[in-house]
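Taking it in order: structure first as structure tokens, then the write-up.
A note on names: the letters A, B, ... follow the listed sequences, proteins ahead of strands, and every chain is numbered from 1. Just so you know, these numbers use all the heavy atoms, side chains as well, and skip hydrogens, waters and symmetry mates.
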2 protein chains.
Amino acid sequence: MQDAGYTIQDMAERCGMTAHTLRYYERVGLIQPVGRARNGHRRYSEADEAWLHFLHCMRATNMPIREMQRYAELRELGDATSLERRKILEDHRTAIATQIVELQQAHALLTHKIANYKKIEQRIRIGGPMIAEPEPDCSLAPAS
Amino acid sequence: MQDAGYTIQDMAERCGMTAHTLRYYERVGLIQPVGRARNGHRRYSEADEAWLHFLHCMRATNMPIREMQRYAELRELGDATSLERRKILEDHRTAIATQIVELQQAHALLTHKIANYKKIEQRIRIGGPMIAEPEPDCSLAPAS
DNA sequence: CCTTGACTTTGAGTGCGCTCAAAGATGTAC
DNA sequence: GTACATCTTTGAGCGCACTCAAAGTCAAGG
């Protein structure tokens with residue numbers, strides 16, 4: 001039996017989620033009840049796949065399930081909800097931009113600290129002076 | 001009474017955490033038992049602040065508490081643990097880089113979809129043809 | 001016929017990271 | 001002196017997003 005469409009396992013792999021998560025998303029209304037094969041098994045369409053990819057992308061960037069539910073709900077209502085949906089996406093985009101900045105700052109901080117560790121390791125190897133720089137570890141306080 | 005140092009409230013504000021969280025971090029060993037005023041209240045030092053800022057930065061970039069605990073533990077053991085600590089930071093830096101890429105991709109996707117919503121709204125305003133583009137909403141499937 | 005394996009459902013359980021409640025001590029302001 | 005704010009402790013509770021357990025159905029293979 002195949003009845004056209006992807007099985008839940010296929011879809012899970014394609015979208016980088018587990019089958020558990022796919023059923024969960026359906027339960028909480030993130031995706032409309034999915035088509036079934038004659039034996040009752042779920043069969044996912046290409047459209048389902050696109051939507052699930054989108055959901056995955058939003059979750060991967062920390063959009064709360066609640067907000068995704070709201071978006072999915074509006075989506076069911078058609079073009080009339082375009083404005084509100086756009087606002088959700090714009091807000092999320094802003095949140096993403098903020099996250100990127102934080103991550104970039106942390107990245108820079110880590111690069112700095114990693115270099116510092118290399119120095120410490122060098123001193124240890126050559127048996128050099130063990131007088132560490134001010135705060136060998138956790139420094140780079142408030143501002144930096 | 002002041003006994004030198006920041007109160008827990010001060011420190012919470014300075015580090016962008018709550019007092020609850022500061023106590024929690026102390027409980028779970030992320031920060032060594034903090035100095036006390038004569039009345040038993042915590043008094044945080046500048047060094048505490050630097051360390052807490054670092055912790056905040058790591059948490060804000062999704063380092064698990066577990067890993068922070070491991071790092072804090074090694075830190076107590078001094079320079080001999082430099083290599084292992086560096087590895088932790090390098091791994092986290094890698095994780096951050098990955099996150100940044102994901103976020104950037106999502107950002108681009110959202111920009112695309114937001115533009116699409118603007119088109120839809122335009123069509124609605126001018127009462128134009130309501131034949132939407134293929135998949136007005138969730139498109140931009142797998143690859144894109 | 002019997003096993004195997006992929007699926008189904010419902011409801012409960014898990015792990016993380018806080019977050020709060022309750023009861024009590026202390027210092028400052030009126 | 002008494003109200004008030006701010007802190008203290010311990011242990012429990014919570015929200016989120018899964019994640020799993022149990023019991024059952026179904027189709028194919030040997």
Residues passing the side chain to side chain donor-acceptor pair (under 3.5 Å) test with B/Tyr6, sequence neighbours excluded, are B/Arg14, B/Glu46
Determine the interplanar angle of the B/Tyr71 and A/Tyr117 rings, folded into 0 to 90°, and report it as parallel if under 30°, tilted if 30 to 60°, perpendicular if over 60°.
perpendicular
Would you give a per-nucleotide map of nucleotides 5-17 of chain D, 5' to 3', where B means the base has a protein non-hydrogen atom under 4.0 Å away, S means only the sugar-phosphate does, and - means neither?
-BSBB-B-----B
Using whole Å, report how far [atom1] of [X] lies from [atom2] of [N].
X       : N      : atom1 : atom2 : value
B/Leu22 : C/dT19 : CG    : C1'   : 13 Å
B/Gln69 : C/dC18 : CD    : P     : 11 Å
A/Met11 : C/dT8  : CE    : P     : 13 Å
A/Tyr6  : C/dC7  : OH    : P     : 15 Å
A/Leu55 : D/dC18 : CG    : P     : 11 Å

Residues pairing under side-chain hydrogen bond (donor to acceptor under 3.5 Å, both in side chains) where one sits in residues 89-103 of chain B, two or more places apart or in two chains, turn out to be A/Thr111-B/Arg93, B/Thr61-B/His92, B/Asn62-B/Gln99, B/Arg86-B/Glu90, B/Lys87-B/Asp91
Pairs in or reaching into residues 52-70 of chain B: which pass salt bridge (charged side-chain N to carboxylate O under 4.0 Å, His left out), with residues at least two apart or in two chains?
B/Arg70-B/Glu73, B/Arg70-B/Glu84
Residues passing the side chain to side chain contact (heavy atoms under 4.5 Å, CB included) test with A/His56, sequence neighbours excluded, are A/Met17
Residues two or more places apart in sequence or in another chain: which of them pass side chain to side chain contact (heavy atoms under 4.5 Å, CB included) with B/Val28?
B/Tyr24, B/Leu30, B/Gln69
